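A quick write-up on the structure given underneath.
No hydrogens, no waters, no symmetry mates; every other heavy atom, side chains included, goes into these values. Here the structure is a predicted model, which means the values were calculated and not measured.
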Amino acid sequence: MIYSYKGIKPKIDSTVFIADGAIVSGDVSIEEQSTIWFNTVIRGDVAPTHIGKRVNIQDLSMLHQSPNNPLILEDDVTVGHQVTLHSCIIRKKALIGMGSLILDGAEIGKGAFIGAGSLVPPGKKIPPNTLAFGRPAKVVRTLNDEDLKDMERIRTEYVERGQEYKNVHD
């Protein structure tokens, strides 16, 4: 479902796949070939949310903001199942593992990987191309070529899968 809020309607590119049960409301922009999976909620009723190109936001995730503190996901980001993102910045090609929470003012660096179930506290900065894990999340190592290839595979599969769903259900 797509909802306007206070006269502001989400701006969603025509190539975006939004699965049944997902809700997108208010000041939200979603760019080309991104995918929003089943029962995800993206609310832009407190501050803007911007989702770049080829971003996949997997099932049961929640995206929201605090006043005057937007939520930004750059291009090619993967957001795993049941993730909560709140007024943070996720840089290009980052991957947020299932069940993680990324809180206000946190910044996930380009190509970083947040391990499943992690908590990135307010204001925490995770450097580019690192694996961070835990509650609170701590950097455990630099990503290797195999990690980066796997992250690329996941991103590519979600873009392709989203287009397959879109072609069948539009």
Going by heavy atoms in the side chains, are Ile102 and Val120 under 4.5 Å from each other?
-> yes
Considering only heavy atoms from C-beta outward, does the side chain of Val24 approach that of Met1 to under 4.5 Å?
-> no
Does a side-chain heavy-atom distance below 4.5 Å link Gln82 with Met62?
-> no
Under 30°, 30 to 60°, or over 60°: which ring-plane class applies to Trp37 and Tyr165, parallel, tilted or perpendicular?
-> perpendicular
Side-chain H-bond candidate by donor/acceptor type, Glu31 with His50, under 3.5 Å = yes
Backbone of Leu95 reached by a side-chain donor or acceptor of Thr78 within 3.5 Å = no
Linking Ile, Leu, Val, Met, Phe, Trp and Tyr through side-chain heavy atoms less than 4.5 Å apart, which residues share a cluster with Leu103?
-> Leu101, Leu119
Tell me whether Ile2 is reachable from Val41 by hopping between hydrophobic residues (I, L, V, M, F, W, Y) whose side-chain heavy atoms are closer than 4.5 Å.
-> no
Distance-minimising heavy-atom pair for Ser118 and Ile114 | CB-CG2, 3.6 Å
Within-4.5 Å side-chain heavy-atom neighbours: Arg91 and Glu107 = yes
State yes or no: do Tyr5 and Ile8 share one hydrophobic cluster built from I, L, V, M, F, W and Y residues joined by side-chain heavy-atom distances below 4.5 Å, directly or via other members?
-> no
Nearest-0.5 Å distance, NE2 of residue His81 to CD of residue Gln58 | 4.0 Å
For side chain to side chain donor-acceptor pair (under 3.5 Å), just list the numbers for Asn69 and His86, CA-CA rounded to whole Å, side-chain angles, deciding distance to a tenth of an Å, and then say yes or no.
-> CA-CA 9 Å; Asn69 197 358; His86 206 273; over 6 Å; no
Quick one: does Thr40's side chain get under 4.5 Å of Leu60's, heavy atoms only?
-> no
Given the rule that I, L, V, M, F, W and Y join up when any side-chain heavy atoms are under 4.5 Å apart, are Ile154 and Leu148 in one cluster?
-> yes
Mind running side chain to side chain contact (heavy atoms under 4.5 Å, CB included) on Gln163 and Gln33 for me, showing each step along the way?
-> CA-CA 7 Å; Gln163 292 306 300; Gln33 294 185 316; 4.2 Å; yes
Sole residue of Leu63, Ile57, Val79 in side-chain contact (heavy atoms from CB on, under 4.5 Å) with Ile36 = Ile57
Looking only at heavy atoms, which two atoms of Gly115 and Ser100 are closest? And how far apart?
-> O-OG, 3.1 Å
Minimal heavy-atom distance between Ala116 and Phe133, with the atoms involved, is O-CE1, 3.1 Å
CZ of Phe113 to NZ of Lys93: how many Å apart, nearest 0.5 Å?
-> 16.0 Å
CE (Met98) with more than 12 external heavy atoms under 6.0 Å | no
Going by an N to O cut-off under 4.0 Å, is there a salt bridge joining Glu152 and Arg155?
-> yes
If you group Ile, Leu, Val, Met, Phe, Trp and Tyr by side-chain heavy-atom gaps below 4.5 Å, do Tyr158 and Met151 land in one group?
-> yes
Do Ile23 and Tyr3 touch side chain to side chain, with heavy atoms closer than 4.5 Å?
-> yes
Looking only at heavy atoms, what is the nearest atom pair of Ala94 and Ile90, with distance?
-> CB-CG2, 3.7 Å
Does the pair Thr156 and Glu160 meet the rule for a side chain to side chain donor-acceptor pair (under 3.5 Å), with working shown?
-> CA-CA 6 Å; Thr156 301; Glu160 291 170 359; 5.8 Å; no
Below 4.0 angstrom, N of the basic side chain to O of the carboxylate: do Asp147 and Arg141 qualify?
-> yes
Is it the case that Gln65 and Thr49 place a side-chain donor and acceptor less than 3.5 Å from each other?
-> yes
On a heavy-atom basis, the closest approach of Gly44 and Val28 is N-CG2, 3.7 Å
Rounded to the nearest 0.5 angstrom, the NZ-OG distance for Lys166 and Ser14 is 6.5 Å
Do the non-hydrogen side-chain atoms of Thr35 and Val16 ever get within less than 4.5 Å of each other?
-> no
NZ/Lys125: more than 12 non-hydrogen atoms of other groups inside 6.0 Å | yes
Distance from Thr130 atom OG1 to Leu143 atom CG, nearest 0.5 Å?
-> 6.5 Å
Stepwise, does the side chain to side chain contact (heavy atoms under 4.5 Å, CB included) test hold for Glu74 with Val55?
-> CA-CA 8 Å; Glu74 294 183 347; Val55 171; over 6 Å; no
Distance, nearest 0.5 Å, that separates CG of Leu71 from CD1 of Ile51 = 7.0 Å
Is any NZ, NE, NH1 or NH2 atom of the basic residue among Asp76 and Arg54 found under 4.0 Å from an Asp or Glu carboxylate oxygen of the other?
-> yes
Quick one: CD1 on Ile42 to CD1 on Ile12, what's the gap to the nearest 0.5 Å?
-> 8.0 Å
Kindly give the cluster partners of Val46, where membership spreads through any ILVMFWY side chain lying under 4.5 Å from a current member.
-> none
Any idea which heavy atoms bring Ala112 and Pro127 closest together, and the distance?
-> CB-O, 3.6 Å
Decide yes or no for Ile30 and Asp13: does some side-chain heavy atom of the first lie under 4.5 Å from some side-chain heavy atom of the second?
-> no
